[in-house]
Number of protein chains: 2
Amino acid sequence: MKKVPEPTIRRLFCYYRCLKNDKSDIIPDYVCSDTLGEKIGIKPTLLRRDLSFFGHMGRKGKGYNKNKLKIRLEEIIGLNKEWEIALIGAGNLGKAILSYNQFREMGLYITEIFDNDLDKIGRKVNGYLVKNVKFIKQVLQEKGIKIVIIATSEDDVEGIVHQLKKTNIEAIWNFTTAHIDLGDDVIVVKEDLCCSLGSIICNINK
Amino acid sequence: MKKVPEPTIRRLFCYYRCLKNDKSDIIPDYVCSDTLGEKIGIKPTLLRRDLSFFGHMGRKGKGYNKNKLKIRLEEIIGLNKEWEIALIGAGNLGKAILSYNQFREMGLYITEIFDNDLDKIGRKVNGYLVKNVKFIKQVLQEKGIKIVIIATSEDDVEGIVHQLKKTNIEAIWNFTTAHIDLGDDVIVVKEDLCCSLGSIICNINK
DNA sequence: TAGATTGTTAATCGATTAACAATC
DNA sequence: TAGATTGTTAATCGATTAACAATC
């Protein structure tokens, strides 16, 4: 199969969510690329191209069967499985991520929480015990967790990455300002909030 | 001037932050594109191209004067000014955004908070009074606020956008799942957390 | 059949990279 | 001067869009 571009992968999720939240439910059972695209601000032709990476999913003259498409997207993304995720950093941002309901709704569960603050360690946040960062390696191995969210301060990242290198994790969602590189085998997605806000300012500043 | 690509604008901010956080301070006063690029995981040639949109900023054979470059970037981005921002939605995510220190460090101040929850309205969060969403239009006009962060649930967005259309805002930072379009005059940056996590899952799921 | 809409190819647009002359 | 590094041009790569044949 041809390599699927990263922007396409992100949009797959948008299509999926749109179908999942669709209140009109089964009727009409078909939706065309025009309608679905418009809902998320995407040209119909781009939507069709995105979907075509995964084979014929629509019906010419009719559109896409909503339910079938939803199930197919669920499989493609991997949301038909349950995923366990570890969170490192139980500060304000970490807590907000924890209490972000939408993740759970999709079968994404944050089941391990770590921090280096002795005041937090041993307490519960959202029902889960905050563990000492020291045990990251050990716990991740034990539980076979593949995905880690880092929401600490930049200064703590180096030590954390050092630990993570010894694990089998496959992806990091990085909310810190640090640049993280664990080689080609570990996906790193950076969520740079300052950068987003900064780019907004820059665009207005003209 | 040639149009500056959006990815370039985002990176400008990274360069700026890197210089700002540079503890080695003044000495050495020059940094070359190789060194600076490596710190943020960007090829030196891309860094040079990015900067070249704004004229000659470096010295051949030497590199970039750190302090001069920092000041110049500050001007370009607009961080030499102070910016007032309104936050709509004082839930978990909203509160995390509020307490995210890094914004303040850059002269970005969230000075108005709105919510539609009567339990929250009238209380203070981070020292600022939570106001009723009803008054968005009025308050934004009065204070001349140009930037709005929306961190509500998707369902509340329609009403908010309806209000915002009657104001002079220039940019929206959208943390909800809703698709927002206020025409070409209003920049909308979407921070789609589910989509990011979803794309991570999809990449791992292969 | 006529109308609607997909799926795909080729064209276009935009961003990154490689190469290198200019020059400090 | 020799070495280092910028700034810029052309080449490449990648993603989006337009066009349209296929077909339900």
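So that the names make sense, note that chain A is the first sequence line, chain B the second, and so on, each numbered from 1.
- Counting to the nearest Å, the P atom of dA15(D) and the CG atom of L47(A) are 17 Å from each other.
- Minimum heavy-atom separation, P44(B) to D34(B): CG-OD1, 3.5 Å.
- A salt bridge links E112(A) to K143(A): one of the charged nitrogens lies within less than 4.0 Å of a carboxylate oxygen.
- Between Y64(B) and R48(B), the closest side-chain pair of non-hydrogen atoms falls below 4.5 Å.
- A straight line from OH of Y64(B) to C1' of dT5(D) spans 9 Å, rounded to a whole angstrom.
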- Note on the structure: Heavy-atom contacts, protein to nucleotides 16-24 of chain C, under 4.0 Å, summarised as B (base), S (sugar-phosphate only) or - (none) per nt, yield BBBB--BBB
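- We find that CZ of R10(B) is positioned 15 Å from C1' of dA15(C), with the value rounded to whole Å.
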- Which string of ( ) [ ] | and . matches DNA chain D, if you list each base 5' to 3' and count Watson-Crick or G-U pairs only when both distances are under 3.5 Å? ..||||||||||||||||||||||
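- Atom-to-atom, OH of Y30(A) to C1' of dA4(C) comes out at 14 Å; the value is rounded to the nearest Å.
- One interatomic measurement links the two molecules: CD1 of I9(B) to C1' of dA15(C), which rounds to 13 Å at whole-angstrom precision.
- Counting only heavy atoms from C-beta outward, the side chains of W83(B) and N205(A) approach each other to under 4.5 Å.
- The two residues Y15(A) and I42(A) come nearest to each other via the heavy atoms OH-CG2, 3.9 Å.
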- Could you give me the CA-CA distance, side-chain angles and deciding distance for T177(B) and Q102(A), then say whether side chain to side chain contact (heavy atoms under 4.5 Å, CB included) is met? CA-CA 10 Å; T177(B) 51; Q102(A) 308 205 37; 3.4 Å; yes
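- None of I9(B), L73(B), V4(B) except one satisfies the side-chain contact (heavy atoms from CB on, under 4.5 Å) rule with C202(A); the exception is I9(B).
- Counting to the nearest Å, the P atom of dT5(C) and the CG atom of L69(A) are 16 Å from each other.
- Rounding to whole angstrom units, CZ of residue F53(B) and P of dT9(D) are separated by 12 Å.
- Annotation: side chain of D22(A) is not in contact with side chain of K70(A) (no heavy-atom distance under 4.5 Å).
- Under 3.5 Å, the side chains of N203(A) and E6(B) contain a donor-acceptor pair of N or O atoms.
- Following rounding to the nearest Å, M57(A) (CE) and dT5(C) (P) show an atom-to-atom distance of 19 Å.
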